[in-house]
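So that the names make sense, note that chain A is the first sequence line, chain B the second, and so on, each numbered from 1.
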Amino acid sequence: MAATSNAKPKRKMKDDDSDGLPKKKPTQYWNQGLLSSIDDPELRVDADDKVVIIRDKYPKAKFHFLAMPKVNIPNLKSLKREHLVLLKHMETKGKEIAQRFDSRRQFRFGYHAVPSMSHLHMHIISQDFDSPSLKTKKHWNSFTTEYFHDSEDIINMLEKNGRVELDTKKYQELLKNPLKCHVCLKDLPNMPNLKQHIKSHDYSSKK
DNA sequence: GTTCTAGAAC
DNA sequence: GTTCTAGAAC
């Protein structure tokens with residue numbers, strides 16, 4: 001008698017491996033994705049001996065880049081005072097890039113409190129948030145609540161305390177906040193409405 | 001981080 | 001009925 005299969009797969013998947021090899025694929029873990037992006041010439045927009053700047057693969061605004069140190073710093077918690085020069089350099093480079101791509105547009109430069117991707121990265125992001133890759137409440141709140149820490153605030157924290165320690169739980173809760181326009185603070189019921197609403201603001205020039 | 005989709009919301 | 005989101009899978 002043939003073996004019975006009583007469990008329906010919940011989603012379709014390839015399990016047609018007639019070669020008898022294990023089904024586990026040798027893919028890298030998704031949270032290490034920046035390690036390959038950092039060396040991808042397609043994404044790179046600038047580099048020097050200390051820092052690489054790449055385009056975000058899934059930009060959440062018209063202009064969205066990541067500045068990363070060449071030395072491996074896993075996260076904010078790894079930062080020491082000895083990194084202050086590097087962080088200031090990253091911020092300077094970030095501002096140069098923003099200036100280069102659109103000198104009139106407003107940008108922010110900063111870090112997510114609890115980033116998904118390993119390897120310290122500073123976001124360089126224009127404040128229009130006009131992008132098809134901006135889809136979820138988590139996306140929105142990660143750039144428009146205190147979950148987003150300006151580079152200068154991180155630098156000040158490190159100068160003052162010698163380290164950057166953030167309450168992970170507190171910041172993860174912020175991602176669930178109701179949707180609110182970052183310009184006029186209007187409440188919006190869902191993402192499609194929010195995306196439509198923010199088009200009404202003018203981002204073409206700094207005020 | 002993204003994709004996919006079940007079930008909530010409308 | 002369709003739209004939208006949240007959580008699992010990857």
Novice: Grab the CE-C1' distance between A/M191 and C/dA6 for me, whole Å please.
Specialist: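 A/M191 atom CE is separated from C/dA6 atom C1' by 14 Å.
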Novice: May I ask you to decide if the ring planes of A/H182 and A/F129 are parallel, tilted or perpendicular, using 30° and 60° as cut-offs?
Specialist: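 Perpendicular.
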Novice: Just checking A/K176: base, sugar-phosphate only, or nothing, at a heavy-atom cut-off of under 4.0 Å?
Specialist: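 If one applies the 4.0 Å heavy-atom cut-off, A/K176 turns out to touch nothing in the nucleic acid.
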Novice: When you get a sec, tell me which of B/dT2, C/dA6, C/dT5 is the closest nucleotide to the side chain of A/H139?
Specialist: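 Output: B/dT2.
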Novice: May I ask you to verify if any side-chain N or O of A/K60 is less than 4.0 angstrom from the OP1 or OP2 atom of B/dT2?
Specialist: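 The answer is yes; a side-chain N or O of A/K60 sits under 4.0 Å from OP1 or OP2.
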Novice: Looking for any heavy atom pair under 4.0 Å, which part of the strands does A/H112 touch: base, sugar-phosphate only, or nothing?
Specialist: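 Sugar-phosphate, backbone atoms only, no base.
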Novice: Indicate, with a heavy-atom threshold strictly under 4.0 Å, whether A/N31 touches base, sugar-phosphate, or nothing.
Specialist: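 Answer is nothing: A/N31 stays at 4.0 Å or more from every strand.
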Novice: Salt bridge check: are A/K176 and A/E173 linked by an N-O gap of less than 4.0 Å?
Specialist: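 Here A/K176 pairs with A/E173 in a salt bridge, since their nearest N and O are under 4.0 Å apart.
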Novice: When we call it a touch if two heavy atoms are under 4.0 Å apart, what does A/K135 touch: a base, just sugar-phosphate, or nothing?
Specialist: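 Sugar-phosphate, backbone atoms only, no base.
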Novice: Quickly work out the A/N193 CG to B/dC10 P distance and round it to whole Å.
Specialist: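 To the nearest whole Å, that distance equals 12 Å.
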Novice: Any salt bridge between A/K199 and A/D130, counting N to O under 4.0 Å?
Specialist: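 Not counted as a salt bridge, because no side-chain N and carboxylate O are separated by less than 4.0 Å.
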Novice: Starting at atom NZ of A/K138, determine the distance to atom C1' of C/dA8, rounded to an integer number of angstrom.
Specialist: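 Taking NZ of A/K138 and C1' of C/dA8, I get 13 Å after rounding.
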Novice: Roughly, in whole Å, what's the span from NZ in A/K57 to C1' in B/dG1?
Specialist: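 Atom-to-atom, A/K57 to B/dG1, this comes out as 10 Å.
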Novice: Could you tell me whether A/H121 contacts a base, only the sugar-phosphate backbone, or nothing, with contacts defined as non-hydrogen atoms closer than 4.0 Å?
Specialist: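 Counting heavy atoms under 4.0 Å across all strands, no contact is made by A/H121.
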Novice: Hey, is A/D102 close enough to A/R105 for a salt bridge, meaning N to O under 4.0 Å?
Specialist: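 The answer is yes: the pair qualifies as a salt bridge.
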Novice: Expressed in angstrom and rounded to an integer, what is the separation of A/Y29 atom OH from B/dT2 atom P?
Specialist: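 Rounded to whole Å, this separation is 20 Å.
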Novice: Whole Å only: how far is the CD atom of A/Q32 from the P atom of B/dT2?
Specialist: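 So the two atoms are 16 Å apart, to the nearest Å.
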Novice: Between B/dG1 atom P and A/L134 atom CG, what is the distance in whole Å?
Specialist: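 Rounded to whole Å, this separation is 12 Å.
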Novice: May I have the distance from A/N190 (atom CG) to B/dA8 (atom C1'), rounded to whole angstrom?
Specialist: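 From A/N190 CG to B/dA8 C1': 13 Å.
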Novice: Any carboxylate oxygen within less than 4.0 angstrom of a Lys/Arg side-chain nitrogen, looking at A/E82 and A/K80?
Specialist: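 Looking at A/E82 and A/K80, the cut-off is not met.
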